[in-house]
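This report refers to the structure that appears directly beneath it.
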Amino acid sequence: MNETYDVIVVGGGVIGTSIAHYVSKMNKRVVVLEKNTIASGASSAAAGLLGVQAEWDTYDPLYDLARKSLRMFSSLATELRTATGVDIGYRENGIYKIACTKEEVERLRETMQWQQQAGEEAEWLSGEELRVREPSVSDEVIAAVYYPTDGHVLAPELTRGFMLSAARNGADIREYTDVYGLLIDNGKVMGVETNHGTFYGKQVVITAGAWSTSFMKVFHESYGTYPVKGVCVAVRNERPLLNVPLFKEGFYIVPKPDGRYIIGATVVPRSFDQRVESGAIAELLTKAKALVPEMEQAMWDKAWAGLRPQSETNYPYIGKHDDIEGLYACTGHYRNGILLSPISGYMMAELLDGNESYNLLERGMYLESTN
Ligand SMILES: Cc1cc2nc3c(=O)[nH]c(=O)nc-3n(C[C@H](O)[C@H](O)[C@H](O)COP(=O)(O)OP(=O)(O)OC[C@H]3O[C@@H](n4cnc5c(N)ncnc54)[C@H](O)[C@@H]3O)c2cc1C
């Protein structure tokens, strides 16, 4: 099969489909090549937290990017619902970051002060004050900060929304299409080789998540992504237990609009094993019960594992190849790819269209001047 496109996207997770969504709005011919099914990687495993303030404890260039991305969700939710009928389950009612030890309280205070100095909204609550708002929370929680502008979405639905929107705008979505290699001639990308033949294109974007390493080595020998396995569980409860997600260092409980509570997540670096260990389930449920005792009566829904794509530089690779014309990458978003997906898709669409200010690779990371 010989096909010719303006843009070939390698990988159909939230990042690849977001790029396809924004590129397809520019009336370009775009194809997403996905070796399994759309959202079969990390993007369907994510809890969907949009935790700008909950995630970053100190200033980091990614913080600004995350803030910009979060601001895009409200209009994006409306746009995707109108265009595709998909409800991405966007909730903008905040996140509680909680502390259960004196040390955690100290760290939480420091983080809150830094954020308030940076002009962010953050409200300090004692454990008792939190329990007035969230009566199911146990005495283990001794303090919390409420970040009112953080939120959450349904990660698989967001990816599906991006994909359907792109398809409506004319994008081709090819599942079970495994990209084996890049077609490069005279320092210029010509397309990709797949199990379904050659796809020709002027521009190729690598968005293969944890599986991006072989492609990223073409950019730089030290580049690559590796998987950080995470297990989540979901339970259901008839009586509402939480209004707003609880987030603490290394752990969270996220109430979803359909009555599920997503509890996550374990962290196992450099493991491609996607099986779910019973020990991981036990660990998550024990932690959940300690924070919300009624969790013990909640009904089992399911458990799953996913692979967060971490980059070897700890920052996502967002940009273009220095020497190979037409070769781009947008991968390595680790534990914030859902949050960062709108801004990543938008910036890549702009870069592919010639706006060089979005070539973050050139600046070696960098983000201060993105706007
Ligand atoms: C347990 C867990 C919880 C998380 N919670 C959150 C959260 O609350 N908030 C948040 O913002 N983020 C969260 N994340 C992180 C988020 O899920 C990821 O950062 C994001 O999904 C990465 O998207 P991606 O498109 O880069 O990768 P993926 O979704 O993994 O997509 C990459 C795709 O590329 C395909 N592919 C790979 N190689 C090839 C090839 N050669 N040819 C064709 N296709 C290929 C794969 O099959 C895959 O579908 C979580 C992740 C995990 C695992």
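If you're wondering where the values come from, they're calculated on a predicted model, not measured in any experiment. All ligand and atom numbering here is 1-based and tracks the order in the structure.
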Task: Aromatic ring proximity Phe219/Tyr317, centre distance under 6.0 Å - done: no
Open item on the list: If we check side chain to side chain contact (heavy atoms under 4.5 Å, CB included) with Val179, which of these qualifies: Val9, Ile206, Ile8, Val192?
Closed with: Val192
- [ ] Start with the C-alpha distance between Arg335 and Glu55, add both sets of side-chain angles, then the distance that settles side chain to side chain contact (heavy atoms under 4.5 Å, CB included), and finish with yes or no.
- [x] CA-CA 9 Å; Arg335 48 184 292 144; Glu55 280 280 343; 3.1 Å; yes
TODO: Establish, for the pair Lys302 and Trp304, whether the NZ or CZ atom is under 6.0 angstrom from the six-membered ring centre and no further than 45 degrees off its axis.
DONE: yes
Write out each pair where an N or O from ligand 1 and one from the protein are under 3.5 Å apart, with the distance.
from: ligand 1; atom 1: 5 (N); to: Ala47; atom 2: N; distance (Å): 3.3
from: ligand 1; atom 1: 8 (O); to: Gly48; atom 2: N; distance (Å): 3.2
from: ligand 1; atom 1: 8 (O); to: Leu49; atom 2: N; distance (Å): 2.8
from: ligand 1; atom 1: 9 (N); to: Leu49; atom 2: O; distance (Å): 2.9
from: ligand 1; atom 1: 11 (O); to: Ile338; atom 2: N; distance (Å): 3.0
from: ligand 1; atom 1: 11 (O); to: Leu339; atom 2: N; distance (Å): 2.9
from: ligand 1; atom 1: 12 (N); to: Arg335; atom 2: O; distance (Å): 2.9
from: ligand 1; atom 1: 17 (O); to: Ala42; atom 2: O; distance (Å): 3.2
from: ligand 1; atom 1: 19 (O); to: Tyr334; atom 2: O; distance (Å): 2.7
from: ligand 1; atom 1: 19 (O); to: Gly337; atom 2: N; distance (Å): 3.0
from: ligand 1; atom 1: 21 (O); to: Ser43; atom 2: N; distance (Å): 3.3
from: ligand 1; atom 1: 21 (O); to: Ser43; atom 2: OG; distance (Å): 2.9
from: ligand 1; atom 1: 23 (O); to: Ser43; atom 2: OG; distance (Å): 3.3
from: ligand 1; atom 1: 25 (O); to: Val14; atom 2: N; distance (Å): 3.3
from: ligand 1; atom 1: 25 (O); to: Ile15; atom 2: N; distance (Å): 3.2
from: ligand 1; atom 1: 29 (O); to: Ala42; atom 2: N; distance (Å): 3.3
from: ligand 1; atom 1: 29 (O); to: Ser43; atom 2: N; distance (Å): 2.9
from: ligand 1; atom 1: 29 (O); to: Ser43; atom 2: OG; distance (Å): 2.5
from: ligand 1; atom 1: 30 (O); to: Ala42; atom 2: N; distance (Å): 3.0
from: ligand 1; atom 1: 41 (N); to: Asp178; atom 2: OD1; distance (Å): 3.3
from: ligand 1; atom 1: 41 (N); to: Val179; atom 2: O; distance (Å): 3.0
from: ligand 1; atom 1: 42 (N); to: Val179; atom 2: N; distance (Å): 3.0
from: ligand 1; atom 1: 44 (N); to: Lys35; atom 2: N; distance (Å): 3.0
from: ligand 1; atom 1: 47 (O); to: Glu34; atom 2: OE2; distance (Å): 2.7
from: ligand 1; atom 1: 49 (O); to: Glu34; atom 2: OE1; distance (Å): 2.6
from: ligand 1; atom 1: 49 (O); to: Glu34; atom 2: OE2; distance (Å): 3.2

Task: Salt-bridge criterion met for Arg270 and Glu312 (N-O under 4.0 Å) - done: yes
Task: Tyr63 ring center within less than 6.0 Å of Trp114 ring center - done: yes
